[in-house]
Amino acid sequence: MDPESLRIVIQALARIPPFEGMDETVLVQLVRHAGMARMPAGTVLFRAGDPADRAFILIYGEVGIYRNGGGDPAAKVGAGEVLGTAPFLAGERYPATAATVRDSLVLYIPRHDFARFAASRPGLLNYLKVRLEHADACARVLARETPAEAPLPEEFYYKAYRCPACAALLRAPAVRSRFVRVAKTDSDFCQHYEGVNPLLYEVVVCPACGYAFNEESNQPLNPQARKVVREFCAGRQKPATRFPRTLDDAVELFRLAVACQEAHAARPSLRGRLYLKLAWLCRYRRDTAAEGEALANAVRCFEEAFQLEPAVDPKQELNLLYLLGELNRRLGRRNEAARWFARVLGHPEKAKNPLAVNMARDRWQEMREHETRPG
């Protein structure tokens, strides 16, 4: 950067709130660790869900912030704004898309260059971080767009999530643990509740991109998976996420969640547990055909998990073997069920999970009694 351009940029930075009052020699050093680009209208600075590996400072021009990555911008910001700094400093993902709406001059700081600058000025780092986090135009716009939340009954509270696919922040109703009362548990671990059923509220749908997930699948997706999910969700109508939820609502949301996980080939054990919970929901509403279909898909995924996913410990493996036996039994596949139960009872470390062993023995005995029963 030539001396005249450097002088102009330094003067512009000195008028931007996060950098007001900073020594000019510090600003010069910061600019020398940054890059600068003139961007024509329509240039994307970053997309929602991408790793926040750069922070941006708008020297002149105008940038639109797009909550869903397309359509009309949620807001437009002008010279003096910083963009993407909050997720950049937190090592997270951009929660929105930003693109120029007219020709602009943008200063950008890559992560490794910011680290070098911070190392040269350690006393300044915390001060600058606080200022940059609070000045982020994207965070400000998204916070302003968040609608007021309706009050909930005392059994519920709003739980915060970050979408694994697009990194948008969202909140959804969840059940307080002290109100969860289990009446009975089936032999495949399906729990029946007195009062509110937390399973109805387990799946969350991102209002920004339509990705459906639960607590177990709430991990950031890699770039390839995000691309697949974005394409999968783009052509689908977002389901209603009304409150309170009915059994039909929960079934629809679980079906979307398993479809999202199938789309990007999530771990088979994760997909299997989602299918199993979907089967439980179908059992609650006495839909035996849909329950059987979900159980069969759970078996398919759990068998794949047994082949491909190394067990963390013997207890986990024994649980999986037991479930494969029990789900096959419920599907009427007695030979398959007996084979998996035999694996549980003959496991060299079966003492690590006596519950699974005892349940496998009970189920096997029930099967034998049924086979020897007259008629």
Side-chain angles (χ1 to χ4, degrees), residues 1-48 50-90 92-118 120-121 124-125 127-145 167:
M1 189 182 300
D2 63 79
E4 180 60 19
S5 297
L6 179 62
R7 183 185 65 81
I8 293 171
V9 171
I10 295 302
Q11 288 179 347
L13 278 182
R15 294 193 292 270
I16 296 174
F19 308 103
E20 283 179 345
M22 288 179 62
D23 187 272
E24 185 172 312
T25 59
V26 176
L27 294 178
V28 169
Q29 192 171 17
L30 175 64
V31 172
R32 284 178 174 163
H33 283 91
M36 191 166 66
R38 283 185 168 82
M39 298 183 175
T43 303
V44 175
L45 277 66
F46 51 81
R47 295 187 185 278
D50 287 345
D53 54 2
R54 293 185 177 193
F56 296 85
I57 304 158
L58 187 58
I59 303 301
Y60 72 74
E62 192 172 32
V63 169
I65 298 172
Y66 301 82
R67 188 178 184 89
N68 296 323
D72 295 329
K76 297 177 183 178
V77 297
E81 294 284 5
V82 298
L83 301 122
T85 52
F88 170 82
L89 293 168
E92 296 176 347
R93 298 177 185 273
Y94 297 117
T97 296
T100 56
V101 293
R102 59 186 177 90
D103 290 357
S104 303
L105 179 65
V106 176
L107 197 71
Y108 59 89
I109 311 173
R111 180 175 303 284
H112 64 278
D113 289 328
F114 184 78
R116 286 167 50 207
F117 168 73
S120 69
R121 295 280 176 172
L124 181 68
L125 182 58
Y127 164 84
L128 186 57
K129 274 187 172 182
V130 170
R131 284 193 163 206
L132 287 172
E133 284 175 349
H134 285 85
D136 188 350
C138 284
R140 188 172 67 249
V141 169
L142 294 180
R144 187 170 65 239
E145 280 225 313

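Positions are given from 1, in the same order as the sequence printed here.
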Next item on the list: Report the C-alpha distance between Q29 and F117 in whole Å, list the side-chain angles of each, state the deciding distance to 0.1 Å, and finish with yes or no for side chain to side chain contact (heavy atoms under 4.5 Å, CB included).
Entry: CA-CA 7 Å; Q29 192 171 17; F117 168 73; 4.2 Å; yes
Next item on the list: Evaluate the criterion side chain to side chain contact (heavy atoms under 4.5 Å, CB included) for residue pair V28 and V31; output intermediate values, then yes/no.
Entry: CA-CA 5 Å; V28 169; V31 172; 5.9 Å; no
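Atom-to-atom distance recorded for L6:CG and L27:CG is 10.0 Å, nearest 0.5 angstrom. Y66 contributes atom OH, which lies 11.5 Å from atom SG of C138 (distance to the nearest 0.5 angstrom). Note that the OG1 atom of T43 and the CG atom of D103 stand 8.0 Å from one another [nearest 0.5 Å].
Between A12 and I59, the closest heavy-atom pair is CB-CG2, 3.9 Å. Counting all heavy atoms, side chain and backbone alike, M36 lies closest to V9 at SD-CG2, 3.5 Å. Contact between Y94 and D53 at its shortest, heavy atoms only, is OH-N, 3.5 Å. Smallest separation of non-hydrogen atoms from I57 and F19: CD1-CZ, 3.7 Å. The shortest non-hydrogen separation linking S104 to G61 is OG-CA, 3.4 Å. Of all the heavy atoms in L58 and G78, the pair that sits closest is CD2-O, 3.3 Å.
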Solution key, residues 105-113 side-chain donor-acceptor pairs under 3.5 Å, sequence neighbours excluded:
from: R111; atom 1: NH1; to: F88; atom 2: O; distance (Å): 3.0
from: R111; atom 1: NH2; to: A52; atom 2: O; distance (Å): 2.5
from: R111; atom 1: NH2; to: F88; atom 2: O; distance (Å): 2.9
from: D113; atom 1: OD1; to: R116; atom 2: NH1; distance (Å): 2.7

Pairs of donor and acceptor atoms involving the side chains of residues 79-87, under 3.5 Å and at least two apart or interchain, shall be tabulated with distances.
from: E81; atom 1: OE1; to: R140; atom 2: NH2; distance (Å): 3.0
from: E81; atom 1: OE2; to: R140; atom 2: NH2; distance (Å): 2.9
from: T85; atom 1: OG1; to: L132; atom 2: O; distance (Å): 2.6

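In terms of modelled atom types and a separation under 3.5 Å, the side chain of T100 and the main chain of V63 share no donor-acceptor contact.
Atom CD of E92 has more than 12 neighbouring heavy atoms from other residues, nucleotides or ligands inside a 6.0 Å radius.
E62 has no carboxylate O lying under 4.0 Å from a charged side-chain N of K76, or vice versa, which leaves the two without a salt bridge.
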